[in-house]
Novice: 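I have a structure I would like to understand better, so I am pasting it below and will then ask my questions one at a time.
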Amino acid sequence: MMPDMLASSLSIVAPELILSVGAMFLLMFGVFMGEKSSQTVTGLSVAVIIIAALWLILITPLGTAFGGSFVLDPFARFMKILVLVGSAAAVIMSVGFAESERFNRFEFPVLVLLSTTGMMVMVSAADMIALYLGLELMSLAIYVLAAINRDSVRSTEAGLKYFVLGALSSGMLLYGASMVYGFTGQIEFTEIARVVSSGGHSLGLMVGIVFVLAGLAFKISAVPFHMWTPDVYEGAPTPITAFLAGAPKIAAMALITRFTVQSFGSLVGDWQQVIVFISIASMLLGAFAAIGQRNIKRLMAYSSIAHMGYALVGLAAANVEGVRGVLLYMAIYLVMTLGTFAVILAMRRREGMVEEIDDLAGLSQTNPVMALFLTIMMLSLAGLPPLVGFIGKYFVFMAAVHAGLWPLAIIGVLASVVGLFYYLRVVKTMWFEAPAEAFVPMAIELRAVLWVTGLVVFPIYIFIGSPIFAAAEAAAKTFF
């Protein structure tokens, strides 16, 4: 590679370099300073993420790097910003938990930085090698995070389950990628699209597409590759669950969108059937399986499965409107999830953390502000107007209707009605049941995240919605 080409490539991957170099520096700092460095490493890791985000927004140019393997376009920039926001918020929310639950481990923010680097590579992957490298960099760090609490049997079990099933999904993805390469002779997404559009369609290629989608669907916990989600959500320490619920799913959804729309836009009728199936299955299982849950982290696990199904409704439309709906929905989902987990992390009494929905009984009397914000989050997750969750579902459902997939939109609406039941049950517990023992005062960083997300969900989105909509529209046009 010529020096000028190398310099151009390095300028495009600068945010990833900032994250990876920062992670290496903080790792060595933590090793030499010991556990007492936990708070310092946490603060510096947030600073590294913020620097990477500002560099991405203000300095990094659009273009391709490393011979077309890595691309930064409006779509990648939009999704990377969401990934960085989700990662930074997860690290910030862990501060109080680390102090109260003796979770002072400097490895946590370092692993988050490494995982975030993998997510950034995933979002910008322009060929199947970069796809796999980014995916595995993200996943290997998350496997460790899920089992980082070695003193907890639940955490160890969660990490083992995630690792075993993740290895299976990686094998499926690799097999599918080899099939795609074998039948097209290309690994770059744009070149694959050229070959396919010129008549390179075969049954073997479809098998490869299905296997790649299966491997990627595991990362967003879409049915039937969802089985790890409830156990890992419940078993992992709550800050890690908050991290898993947000940024990794945004990165995986971005990769699914790029892989299908950019590489196989001329085969929409084929892969669209797969997306429709996993969308319907995810919406229905997420809606019905959550009804019997009493642990709020397991409830959020099934809720996330359903929400990934709703986002896939937009992808199934396979047009600008649909991709825009996916982008907006993932942004809205991130805000709602972070706000909800800020409350879950605040569910702590003197004896320690609690996770049962019944522990929220009478919260409106013991902590009315916390109850009000969690009510807003629950109703927004349910998709009730005028909250922002309704806006997200409206865009993906209307994209499906305009694409002729009105049965899919109808199923989505019905699944939303079923999901309303378990969200309202949480609201009922907080407002209409006798008060349980009060929680300890909420940590300041959790209050900050809760206020910001709560105001975005309602009513600030009215004022910031227009520029976000315009950015999502420009990002969606990347593929069309």
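Being a predicted model, the structure only gives us computed values, none of them experimental.
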Novice: Looking only at atom types and distance, does a side-chain atom of Ser87 sit under 3.5 Å from a main-chain N or O of Thr116, one as donor and one as acceptor?
Specialist: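 No, the answer is negative, given that no donor and acceptor are paired below the 3.5 Å cut-off.
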Novice: State, yes or no, whether a side-chain contact exists between Met308 and Met330 at a heavy-atom distance under 4.5 Å.
Specialist: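 The answer is yes; the side chains approach within 4.5 Å.
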Novice: Shortest non-hydrogen contact from Ala290 to Gly286?
Specialist: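 Scanning both residues, the minimum pair turns out to be CB-O, 3.4 Å.
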Novice: I would like to know whether Leu338 and Phe341 meet side-chain contact (heavy atoms from CB on, under 4.5 Å); could you show each step before the answer?
Specialist: CA-CA 5 Å; Leu338 291 176; Phe341 273 98; over 6 Å; no
Novice: Side-chain contact test, heavy atoms from C-beta onward, threshold under 4.5 Å: evaluate it for Thr42 versus Phe108 and give yes or no.
Specialist: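 With C-beta onward as the side chain, the pair stays apart.
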Novice: Taking side chain as C-beta onward, heavy atoms only, is Arg447 less than 4.5 Å from Leu450?
Specialist: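 A side-chain contact under 4.5 Å is absent here.
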Novice: Compare every heavy atom of Ala252 with every heavy atom of Leu216, then report the nearest pair and how far apart it is.
Specialist: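 Answer, listing the atom of Leu216 first, then Ala252: O-CB, 4.5 Å.
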Novice: Taking ring pair (Phe, Tyr, Trp, His ring centres under 6.0 Å) as the criterion, tell me which of Trp271, Phe189, Phe259 meets it with Phe264.
Specialist: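 The option that passes is Phe259.
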Novice: Step by step, work out the side-chain contact (heavy atoms from CB on, under 4.5 Å) result for His307 and Leu381.
Specialist: CA-CA 8 Å; His307 281 285; Leu381 286 166; 3.5 Å; yes
Novice: Which pair of non-hydrogen atoms, one from Ala287 and one from Ala415, has the smallest distance, and what is that distance?
Specialist: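 Residues Ala287 and Ala415, closest heavy atoms: CB-O, 3.6 Å.
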Novice: Taking the side chain as everything from C-beta on, heavy atoms only, tell me whether Leu312 gets closer than 4.5 Å to Val276.
Specialist: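 Contact flag for Leu312/Val276 side chains = no.
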Novice: Output the distance between atom OG (Ser45) and atom CG (Leu114), rounded to the nearest 0.5 Å.
Specialist: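 That separation rounds to 11.0 Å.
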Novice: Salt-bridge test for Arg324 and Glu473: reply yes if a basic N is under 4.0 Å from a carboxylate O, no otherwise.
Specialist: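 So Arg324 pairs with Glu473 through a salt bridge.
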Novice: Give me the atom names and distance for the closest heavy-atom approach of Ser282 to Ile305.
Specialist: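 Taking Ser282 first and Ile305 second, the nearest heavy atoms are CB-O, 3.5 Å.
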Novice: Decide yes or no on side-chain contact (heavy atoms from CB on, under 4.5 Å) for Leu131 and Leu173, but give the supporting numbers first.
Specialist: CA-CA 10 Å; Leu131 177 156; Leu173 187 146; 3.5 Å; yes
Novice: With a 3.5 Å distance limit and no angle check, can you tell me whether Ser380 reaches the backbone of Gly389 through a side-chain donor-acceptor pair?
Specialist: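 Here the side-chain-to-backbone pair exists.
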Novice: Taking Ser124 for its side chain and Val121 for its backbone only, find out whether a donor-acceptor pair lies under 3.5 Å.
Specialist: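 Checked: no pair found.
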Novice: Answer whether the closest heavy-atom distance between the side chains of Val401 and Leu408 falls below 4.5 Å.
Specialist: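 A side-chain contact is absent here, since even the closest heavy-atom pair is not under 4.5 Å.
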Novice: Rounded to the nearest 0.5 Å, what separation is found between the CG atom of Leu424 and the CG atom of Leu379?
Specialist: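 So the CG of Leu424 and the CG of Leu379 are separated by 6.5 Å.
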Novice: Determine whether the side chains of Trp431 and Thr375 contain a donor N or O and an acceptor N or O closer than 3.5 Å.
Specialist: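 The answer is yes; a qualifying pair exists.
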Novice: Whether the side chain of Thr478 engages the backbone of Ala475 through a donor-acceptor N/O pair (distance < 3.5 Å, no angle test) should be reported.
Specialist: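 Yes; judged by distance alone, with no hydrogens or angles, the pair exists.
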Novice: Establish, for the pair Lys393 and Tyr329, whether the NZ or CZ atom is under 6.0 angstrom from the six-membered ring centre and no further than 45 degrees off its axis.
Specialist: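 That pair does not qualify as a cation-pi contact.
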Novice: Taking all heavy atoms of Leu72 and all of Lys80, pick out the closest pair and write down the distance.
Specialist: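 Smallest interatomic distance, heavy atoms only, reads CD1-NZ, 4.0 Å.
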Novice: Would you say the side-chain atoms of Tyr423 and Ser303 include a donor-acceptor pair closer than 3.5 Å?
Specialist: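 Judged by distance alone, the side chains do pair up.
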Novice: Between the main-chain N or O of Leu360 and the side-chain N or O of Thr429, is there a donor-acceptor pair closer than 3.5 Å?
Specialist: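 Absent.
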Novice: Would a 4.5 Å heavy-atom cut-off, applied to side chains only, mark Ser115 and Phe243 as touching?
Specialist: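 Side chain of Ser115 against side chain of Phe243, heavy atoms only: contact under 4.5 Å found.
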Novice: Ignoring hydrogens and geometry, is there a side-chain-to-backbone donor-acceptor pair from Tyr310 to Ser416 under 3.5 Å?
Specialist: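 Checked: pair present.
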Novice: Decide yes or no on side-chain contact (heavy atoms from CB on, under 4.5 Å) for Leu299 and Ile357, but give the supporting numbers first.
Specialist: CA-CA 9 Å; Leu299 177 73; Ile357 294 175; 4.0 Å; yes
Novice: Distance from Leu113 atom CG to Leu19 atom CG, nearest 0.5 Å?
Specialist: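 So the CG of Leu113 and the CG of Leu19 are separated by 6.0 Å.
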Novice: So do Phe480 and Val323 actually touch side chain to side chain, heavy atoms under 4.5 Å?
Specialist: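 Val323 vs Phe480: side chains touch.
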Novice: Do other residues, nucleotides or ligands put more than 12 heavy atoms under 6.0 Å from Phe469 CZ?
Specialist: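 Counting other residues, nucleotides and ligands, CZ of Phe469 exceeds 12 neighbours.
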Novice: Measure from the side-chain N and O atoms of Asp359 to the backbone N and O of Glu356, and report whether any donor-acceptor pair falls under 3.5 Å.
Specialist: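 Yes; at least one donor-acceptor contact below 3.5 Å.
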Novice: Does a donor on one side chain and an acceptor on the other come within less than 3.5 Å for Ser139 and Lys219?
Specialist: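 Their side chains do contain a donor-acceptor pair, which is all the 3.5 Å distance test asks for.
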Novice: Counting N and O atoms only, with roles assigned by atom type, does the side chain of Ser94 sit under 3.5 Å from a partner on the main chain of Val91, one being a donor and the other an acceptor?
Specialist: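 Side chain of Ser94 to backbone of Val91, a donor-acceptor pair under 3.5 Å: yes, one is there.
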Novice: Which of these passes side chain to side chain contact (heavy atoms under 4.5 Å, CB included) with Phe439: Met353, Met370, Arg348?
Specialist: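 Of Met353, Met370, Arg348, side chain to side chain contact (heavy atoms under 4.5 Å, CB included) with Phe439 is met by Met370 alone.
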Novice: Shortest non-hydrogen contact from Ser266 to Val196?
Specialist: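 So the two residues come closest at OG-CG1, 3.3 Å.
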Novice: If you round to the nearest 0.5 Å, how far is OG1 of Thr366 from CE of Met430?
Specialist: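 Nearest 0.5 Å value for the CE-OG1 distance: 10.5 Å.
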Novice: So, taking the atom named CG in Leu133 and the one named CE in Met128, what distance separates them when rounded to the nearest 0.5 Å?
Specialist: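 So the CG of Leu133 and the CE of Met128 are separated by 12.5 Å.
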Novice: Quick one: pull up CZ in Phe218 and CG in Leu213 and give me the separation to the nearest 0.5 Å.
Specialist: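 With rounding to 0.5 Å, CZ (Phe218) is 15.5 Å from CG (Leu213).
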Novice: Indicate yes or no: does Glu234 engage Arg298 in a salt bridge with an N to O separation below 4.0 Å.
Specialist: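 Result for this pair is yes, salt bridge flagged.
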Novice: So do Thr453 and Met336 actually touch side chain to side chain, heavy atoms under 4.5 Å?
Specialist: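 No, their side chains stay 4.5 Å or more apart.
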